[in-house]
Amino acid sequence: MISLNRSSFLNKTGISGFRSPSSGAALRRRPASVRVVALGTNGRAGERNAAVLVENRLKEMREGSSAIADVESKPTVGGEVQDEYGHDASTEEEFVTPWCLSVASGYSLLRDPHHNKGLAFNEKERDAHFLRGLLPPTVASHELQVKKMMHNIRQYQLPLQKYMAMMDLQERNERLFYKLLIENVEELLPIVYTPTVGEACQKYGSIFMRPQGLFISLKEKGKIREVLRNWPEKNIQVIVVTDGERILGLGDLGCQGMGIPVGKLSLYTALGGVRPSSCLPITIDVGTNNETLLNDEFYIGLRQRRATGQEYAELLDEFMTAVKQNYGEKVLIQFEDFANHNAFDLLAKYGTTHLVFNDDIQGTASVVLAGLVAAQNLVGGTLADHRFLFLGAGEAGTGIAELIALEISKQTNAPLEETRKKIWLVDSKGLIVSSRKESLQHFKKPWAHEHEPINELVDAIKAIKPTVLIGTSGVGRTFTKEVVEAMASINEKPIILALSNPTSQSECTAKEAYTWSQGRAIFASGSPFPPVEYEGKLFVPGQANNAYIFPGLGLGLIMSGAIRVHDDMLLAASEALAEQVSEENFAKGLIFPPFTNIRKISAHIAAKVAAKAYELGLATRLPQPKDLVTHAESCMYSPVYRSYR
Ligand SMILES: NC(=O)C1=CN([C@@H]2O[C@H](COP(=O)(O)OP(=O)(O)OC[C@H]3O[C@@H](n4cnc5c(N)ncnc54)[C@H](OP(=O)(O)O)[C@@H]3O)[C@@H](O)[C@H]2O)C=CC1
Ligand SMILES: CC(=O)C(=O)O
Ligand SMILES: [Mg+2]
């Protein structure tokens, strides 16, 4: 709702004719010294000069700078970033004025998702903000709105309808959207995230009326800084970016991958408490190799095959440079769902110059390691006692493998080359062995151990005798009855993780894992499965998904002002998550805590990550807060409604 039009903006602020929201009277030719109070600043400290804001913002738009020099800012989790929408302040007693650039009122206030409260505007606010007649007479509480919205969402039969209702709400009333998501996280996570977000991406072109996020295509080459400036928010702290080439296990969805950064960032806010206005979803469109999309007249992206090589590298480089120039060194860039032939190289290239994190490689590794550490409470022993076999040797598979090897190496003081030997991977050509080394992609080479070639997974299980089987192939139904039975014949309690998303690509279902192992499997999956009853006993499968990690990790990086991501931070995040699994969870066979407690979990993860950043000298927000958990909690965005004066 930021007005780009100078004259209309000046009108709204009263610089040339302005209706005061408090009196309702027209202020004729109000001078440029109209004072407004911004959300997020308290009444006394937050007094600002509207004209200064106007001029600064216009200057910023013209010049692309993100600093609003004359405006007071409250120190927040933002790493010196101003809290324009009052995300960090959450008391209802304190009165503030809703503003965009101007004071929002009337019809435009109802259409501003940052400030709209719908039926929750009280009588006084309806008078003061020109809302009379624009709303039906009832005044509803935030709680009642949540109840009603959940009732509405539950009426829909199809998950995609629920997804669209949620996206519509996010566009209409941001605080209601986040309150709903936070308070009903277990029910709504499968809607805004996997599996439904996968279907939404497949149909993205046809289901959206209003585009979300920022699209940067080859057409914008040479102009990426300008494109970033078109985004209405200036104080960005987290970017989730995809090029759409490997969307979940659904393959190349081109520009339609936008649903993923949008969904991931809504979890940054709901699960990790990062302010919504500081999150920026981006899709980089370099074309698609998906023939169906190329031939679809309604496809929303560039209708060409994917750019590769230098053309691709140059666009990505311009993007990375522009992001740092616009938002500074401390903006977190999360790479998401890139194909592995780009993902590893991008991480290696920008890991030394930017605050970057690859969720599929690193976030997944951290969450799975946490589950495996927790699982030791159920199976006994230590990580070093296990043998691991993966189906799938891409980003997720080799990322997890490397972090497990690193953790065992730290626990046992054994060299990494030795600990890697406990881990075996199978790709589309069979077991990765030394005789294949020359032809392997670089990220597979460390896993090419001495062994005769094996083509079939079940034969690899019989030969390697793994205690842990992990599916990261993106191919559904590959953990067949024979595979699960082979694991169960070797192990009293086989650990089986079917990580591929969405549900259609899961290597097996929870029911299959429990049934085929006669109720002995310790099972978790990337997309959720309902509890399973087997021989009179209820089994509750856990969800092994990087959504446990990235929101808390991101919060920890932001609140410490970290400038780089370090492997030890991933280990710290794992440790924090594993510590959150309770005796009660173990009693149900769970190796992950329920998502209902995710904000508390995220605060613990953030605290451990931040502590590690300080320890490694990578933190810039000094001094270090004494109690990092309390600090993390105090930094978290809360979607309570503000009271408008
Ligand atoms: N639960 C979670 O949090 C996460 C889940 N995932 C899921 O993991 C899956 C894989 O993602 P990612 O690692 O990034 O993908 P990649 O494309 O990087 O890797 C896929 C791997 O699977 C192998 N593969 C493909 N088909 C088969 C097959 N039929 N048999 C054996 N191996 C096969 C590929 O072999 P080859 O190299 O020979 O082509 C490749 O090694 C996706 O479904 C994704 O949704 C990803 C991240 C997080
Ligand atoms: C969960 C996730 O990041 C993926 O499936 O790609
Ligand atoms: Mg992903």
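Counting starts at 1 for both ligands and their atoms, in listed order.
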Pairs touching residues 507-516 that satisfy salt bridge (Lys or Arg N to Asp or Glu O under 4.0 Å), sequence neighbours left out
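Listed once each, the pairs are Arg477-Glu512.
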Calculate, to the nearest 0.5 Å, the distance between atoms [atom1] and [atom2] belonging to [X] and [Y] respectively.
X      : Y      : atom1 : atom2 : result
Asn501 : Thr472 : CG    : OG1   : 11.5 Å
Leu538 : Lys588 : CG    : NZ    : 9.0 Å
Glu199 : Leu158 : CD    : CG    : 7.5 Å

Basic-acidic side-chain contact under 4.0 Å: Lys410, Asp567:
no
Output the list of atoms in ligand 2 that are nearer than 4.0 Å to some heavy atom of [X], sorted by atom number.
X      : answer
Arg246 : 6 (O)
Asp337 : 6 (O)
Leu248 : 4 (C), 5 (O), 6 (O)
Glu336 : 3 (O)
Asp360 : 2 (C), 3 (O), 4 (C), 6 (O)

For the pair Asp296 (side chain) and Leu293 (backbone), establish whether a donor and an acceptor sit closer than 3.5 Å, ignoring hydrogens and angles.
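It does not hold such a pair.
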Judged by atom type as modelled, is there a donor-acceptor pair below 3.5 Å linking the side chain of Lys493 to the main-chain atoms of Leu378?
yes
Answer side chain, backbone, both or neither: which part of [X] comes under 4.0 Å from ligand 2, heavy atoms only.
X      : value
Tyr193 : side chain
Ile260 : neither
Thr364 : neither

Parallel, tilted or perpendicular: which describes the rings of Tyr163 and Phe208, with under 30° parallel and over 60° perpendicular?
perpendicular
According to the interplanar angle, ranging from 0 to 90°, do the rings of His386 and Phe388 count as parallel (below 30°), tilted (30 to 60°) or perpendicular (above 60°)?
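Tilted: the ring planes of His386 and Phe388 meet at 30° to 60°.
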From the N, O or S atoms in [X], identify the one nearest to the Mg ion (ligand 3).
X      : value
Glu336 : OE2
Asp337 : OD1
Asp360 : OD1

Can you tell me which residues line ligand 1 if we count any heavy atom under 4.0 angstrom from one of its atoms, in chain and number order?
Arg246, Leu248, Gly249, Asn340, Asp360, Thr364, Leu391, Gly392, Ala393, Gly394, Glu395, Ala396, Asp427, Ser428, Gln441, Lys444, Thr472, Ser473, Gly474, Val475, Leu499, Ser500, Asn501, Gly526, Ala544, Asn545, Asn546
Lys445 atom NZ: more than 12 heavy-atom contacts under 6.0 Å
yes
Got a sec: does the CD of Glu186 have more than 12 other heavy atoms crowding it under 6.0 Å?
yes
Below 6.0 angstrom between ring centroids: does that apply to Phe539 and Tyr514?
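For Phe539 and Tyr514, the ring centres are under 6.0 Å apart.
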Within less than 4.0 angstrom of ligand 2, does Thr194 place any heavy atom?
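For ligand 2, residue contact (heavy atoms, under 4.0 Å) with Thr194 is absent.
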Please say whether Asn501 places an N or O atom under 3.5 Å from an N or O atom belonging to ligand 2.
yes
For the 3.5 Å polar cut-off, considering only N or O atoms, please tell me whether Lys264 and ligand 2 meet it.
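Looking only at distances, the answer is yes, because the N/O contact criterion of under 3.5 Å is met.
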I'd like to check Phe523 versus Ser517 (side-chain heavy atoms, cut-off strictly below 4.5 Å). Are they in contact?
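The answer is no; the side chains never approach within 4.5 Å.
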